[in-house]
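The block underneath contains the structure these notes are about, expressed in C-alpha cells.
None of these values were measured; they are calculated from a predicted model.
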Amino acid sequence: MSAIPAQSAAANDSEIGAARERTIVPAAAPIDGNRSESMISASRPSSVAKRADDPADESAAAESRRAGSNNLPRVDVIATAEDDVSSDPAADTEPLVMTTAAVDVPPAPSIDGETPALIPAMENGLSLGEVIDSVYQSFPMVQAALYQRNVATGEQIAAEGAFDLKLKGIAANQPVGYYQTYRNSVGLEQPTYWGGQFFGGYRNGNGYFEPWYLERQTNEGGEFKGGVTIPLAQNRAIDERRAELWKAMYGRSSVEPFIQSQLIEFTFAASVAYWEWVGAGQNYRYAEQLVKLARDRNDQIRRQVAAGQKPESDLTDNERLIVSRQVKLIETRGKLQSAAVKLSLFLRSPNGAPRIPDLSELPEEFPLALPISDAALASDIATAWQQRPELRLLAFDRRMAEVDLSQAENLTLPQLDATFTSAKDMGKPTSPKNDKGPYELEALINLDVPLQRRKARGKIASMEGKLAQIAAKTRFTQDKISIEVENARVGLMAAFDALEQARRSVELGQQMEEFEQFTFERGAGDLLRVNIRELQTFDARVVLIDSELRYFIALAAYRAALASDVPADFEEGDASPASDHSVP
C-alpha cells in the first residue's frame, strides 16, 4: 500500500488554492480505515489546464477560488484508489503530489486508574468480541455494504471502456447507376490517456467514380493509412473521458469509508443488543436467587412453626412471597428470552443463520467498569477526525468536484488539434498518372474556438458552488463529530459515577438484609422486615444492573464516536462477497 505523508498546513492552503487550475488525477491503493497515513490514501498525477478567458475575469475568479480554498477545513485525509486498475492515467501525465493538512494528535488519554477496554473482555460465557466478529463475517447488511465494492469496480471498468480499442469498418457499394463504385474499409482507433488518439487501417475503392470523388479511388492493392491526433490546448491535460475515469476511481476508493460507516453503525447496534442481553440475564439470575432464598427459608419457618417458635401465618406469608417472586422470575425470564432473540439478529452461525444464545453462554456478571479521564477531550476529537469515515467521504466528494472543475476550465480553452497522417497505395495503378502511388504525408491543424464560452463558465460557477458546499459540510461535520465525542465522554463519565453510587447502594442494602436475617433467625425479628430488606436489596441490584447496562452502552457510544470498532486489519476483501463474485 502506498501513501502520501501529510504536509504542513501552509503547504496545504497553497496547494488547495491552486487546485482549481489543476487536473486532479487519482492514484490507486486500497484503503485502511484506521491508519491515517494509508487511508480510506497515494501520489496523484496531474497536469495544468490553463484558462483562456478574459484576464480580468480570470483574475477575479481565481481570487475568489483562492479565498474559498483558504477557508477549507483542515482534515487529515489522504485519498487513494485501487492498486489493481487495468488502466492507469498516471502513465501519461506528470506527477503532482496533493498535500493535506495534518491534524496533530495529542498523546493518548491519561486515565485515572486503568484504561477501559474498547471491547471489554469477559471471563466466561459469550463475549462481545465474538458478537462483533459475527457481525463482520455474517451480518447480511455488512455483506450488502461489501458488495458496493463490486458496484464501484464495475463503474470504474465502465469508465475505462472509453479508452477501449475500437474496430471500425464500412462497406459502401453502388452497383447500379451511371457511376458504379465499390468501397470497403476497416481500421482501428485507440484513444490515449493524454487526450489524443492513434488510428490506422486499410481501404479499397474501385469502379467508375464521379470526377469530384476521385479521392475515394485507390490502386488495385488498396491503401494503408495511419496517423495520430494530438490536442494542443483543449483536452490536452484533461478531457471528458479521463474526468469520468478519475471520478470513478475516486468513487471506488470512497466505498471503503462507506463500508466503515456501516460497520460502526452495526457494531454499535450489536453492542447495545449484547449488553441488554447480559443485563436481562443478570436480572433473571437475581430473581432466581430471590426465589431460592424464600424457598430455603420456608423449610426453616416450617421447623420453627412445628416447634412453636413462629405462628402459622409466617409460613403462609412466606409461601405467598415464593409465589410473587416466581411471578417476577417469569417476567425476567421473558425479558431475557426477548433480549436473546434480539441479539440473534447480530449473532449468527457460520452459515449466516441467526443464532439465539443459550442460557449457558450468559456471562456471570458484567466486566469491571473503569473510569475515564476528563482531560483527554482534545486527543479524542483529533482521533475521531482522523478515524471517522464521514470526513473521508466528503474529501472524496471534494476531489471529484475538483475533477469536474478542471474539466469545466478545460472547456474554456480553444480546441486546437494537430493531426498527422501517412498513407500508401499498393498494387497496380488505377490511372495513367499513378497519382495514388507515391507515399503521402499530411499535417492538419484544426481550430474550434467557443467565443462566448457560456457552457464552460456555467459549469465553473456550478462546480465552485459545489466545492463551497462541500467545505461548509466539512466544517459542520467536524463540529458534529467534536460534539458527539464530547457528549459521549460526558455520558460515559456520568454513567460511571452513577454506577459507583448504585454499587454502594447494593452494599448498604446487603448489610441491612444480613442484619435483619440474623435477627429473624434468632427469633427477635419478623418475616415482614426480612422481606422488605430482601426486596430493597433486590431493587438496589436491579438499579445496579441498569447502571452497568447504561455504562457499557455509553462505552459503546464512545467507541462509535471515535470509530474505534473497525479493526486495523479489516482490509479490502476481508469477509467480502467480492472474493466469490468479483467482477472479472
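One N or O on the side chain of Asp239 and one on the backbone of Arg242 form a donor-acceptor pair closer than 3.5 Å. A donor-acceptor pair is defined here as one N or O able to donate and one able to accept, closer than 3.5 Å; no such pair exists between the side chain of Arg559 and the backbone of Ser564. Checked by atom type and distance alone, the side chain of Thr474 pairs as donor or acceptor with a backbone atom of Ile470 at under 3.5 Å. In this structure, the side chain of Thr229 does not engage the main chain of Gly196 through any donor-acceptor pair within 3.5 Å. A side-chain donor-acceptor contact under 3.5 Å links Arg388 to the backbone of Ala561. With hydrogens and angles ignored, the 3.5 Å screen pairs a side-chain donor or acceptor of Ser134 with a backbone N or O of Arg348. Judged purely by atom type and a 3.5 angstrom limit, Lys473 has no side-chain atom pairing as donor or acceptor with the backbone of Leu394. Gln137 places no side-chain N or O within donor-acceptor distance of the main-chain N or O of Gly352, the cut-off being under 3.5 Å.
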Walk me through whether Met426 and Lys424 qualify under side chain to side chain contact (heavy atoms under 4.5 Å, CB included).
CA-CA 7 Å; Met426 312 297 293; Lys424 182 69 173 68; 4.0 Å; yes

Check the pair Ser185, Asn204 against side chain to side chain contact (heavy atoms under 4.5 Å, CB included), reporting the backbone distance first and the verdict last.
CA-CA 6 Å; Ser185 66; Asn204 180 279; over 6 Å; no

Evaluate Phe266 against Phe346 for ring pair (Phe, Tyr, Trp, His ring centres under 6.0 Å), listing each step before the verdict.
CA-CA 8 Å; Phe266 298 143; Phe346 305 97; 7.9 Å; no

Run the side chain to side chain contact (heavy atoms under 4.5 Å, CB included) check on Val142 and Gln262 step by step: do they pass?
CA-CA 7 Å; Val142 170; Gln262 297 294 293; 5.9 Å; no

Go through the steps for Glu189 and Lys168 under the test salt bridge (Lys or Arg N to Asp or Glu O under 4.0 Å), then give the verdict.
CA-CA 8 Å; Glu189 184 178 289; Lys168 295 186 175 183; 3.1 Å; yes

Let me see the working for Asn410 and Ser406 under side-chain hydrogen bond (donor to acceptor under 3.5 Å, both in side chains), right down to the final yes or no.
CA-CA 6 Å; Asn410 169 66; Ser406 295; over 6 Å; no

Going through the checks in order, is the ring pair (Phe, Tyr, Trp, His ring centres under 6.0 Å) test met by Tyr178 and Tyr208?
CA-CA 8 Å; Tyr178 183 80; Tyr208 182 49; 5.7 Å; yes

Please walk me through it: do Gln190 and Phe199 pass side chain to side chain contact (heavy atoms under 4.5 Å, CB included)?
CA-CA 6 Å; Gln190 177 62 67; Phe199 56 89; over 6 Å; no

Under the criterion salt bridge (Lys or Arg N to Asp or Glu O under 4.0 Å), I'd like the reasoning laid out for Arg399 against Glu402: C-alpha separation, chi angles, the key distance, then a yes or no.
CA-CA 5 Å; Arg399 290 181 180 116; Glu402 287 174 342; 5.6 Å; no

Decide yes or no on salt bridge (Lys or Arg N to Asp or Glu O under 4.0 Å) for Lys459 and Asp404, but give the supporting numbers first.
CA-CA 8 Å; Lys459 287 189 175 182; Asp404 283 332; over 6 Å; no

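Between Leu447 and Pro414 the shortest side-chain heavy-atom distance falls below 4.5 Å. Within the 4.5 Å cutoff, the side chain of Thr430 has heavy atoms near those of the Glu220 side chain. Side-chain contact between Ile445 and Thr419 is absent, with no heavy atoms from C-beta onward closer than 4.5 Å. For the pair Pro389/Ile264, a side-chain contact is recorded, criterion being any heavy-atom separation below 4.5 Å from C-beta on. Residues Leu188 and Leu167 have side chains in contact (heavy-atom distance under 4.5 Å, counting atoms from C-beta outward). Between Pro191 and Phe198 the shortest side-chain heavy-atom distance does not fall below 4.5 Å. Under the 4.5 Å side-chain criterion, counting only non-hydrogen atoms from C-beta, Leu245 is in contact with Phe163. Annotation: side chain of Gln180 is not in contact with side chain of Gln174 (no heavy-atom distance under 4.5 Å).
Going from atom OG of Ser349 over to atom CD1 of Ile356 covers 11.5 Å, rounded to the nearest 0.5 Å. Note that CG of Asp425 is 4.5 Å distant from CG of Asn219, once rounded to the nearest 0.5 Å. A distance of 6.0 Å separates NZ of Lys455 from CG of Leu411, quoted to the nearest 0.5 Å. Here the straight-line distance linking atom CG of Leu467 with atom CG of Leu405 works out to 6.0 Å at 0.5 Å rounding. Note that the CZ atom of Arg183 and the CZ atom of Arg203 stand 8.5 Å from one another [nearest 0.5 Å]. Atoms OH and CG, from Tyr439 and Leu441 in turn, are 5.0 Å apart once rounded to the nearest 0.5 Å.
Environment of OH in Tyr179: crowded, with over 12 heavy atoms of neighbouring residues, nucleotides or ligands closer than 6.0 Å. By the neighbour-count criterion of 12 heavy atoms within 6.0 Å, atom CD of Glu240 is sparsely surrounded, having that number or fewer from other residues, nucleotides or ligands. Counting heavy-atom neighbours within 6.0 Å of Tyr182 OH, excluding the residue itself, gives a total above 12. Counting heavy atoms of neighbouring residues, nucleotides and ligands inside a 6.0 Å radius, atom CD of Gln452 does not exceed 12 of them.
Listed here is the closest heavy atom pair of Leu393 and Ser254: CD2-O, 3.4 Å. Here the closest heavy-atom approach between residue Ser138 and residue Gln143 is recorded as N-NE2, 4.3 Å. For the pair Met400 and Gly251, the tightest heavy-atom approach, listed with the atom from each and the gap, is SD-N, 4.1 Å. The two residues Ala270 and Val135 make their nearest non-hydrogen contact at CB-CG2, 3.7 Å. Across Trp385 and Leu391, no two heavy atoms sit closer than the pair O-CD1, 3.4 Å. The shortest heavy-atom contact between Gly221 and Tyr202 is O-OH, 2.9 Å.
There is no side-chain donor-acceptor pair under 3.5 Å between Asp448 and Asn446. Side-chain contact check for Thr192 and Gln197: no donor-acceptor pair (N or O, by modelled atom type) lies under 3.5 Å. Using modelled atom types and a 3.5 Å distance limit, the side chains of Gln260 and Glu256 yield no donor-acceptor pair.
Classified by interplanar angle (parallel below 30°, tilted 30° to 60°, perpendicular above 60°), the ring pair Phe396/Tyr250 is tilted.
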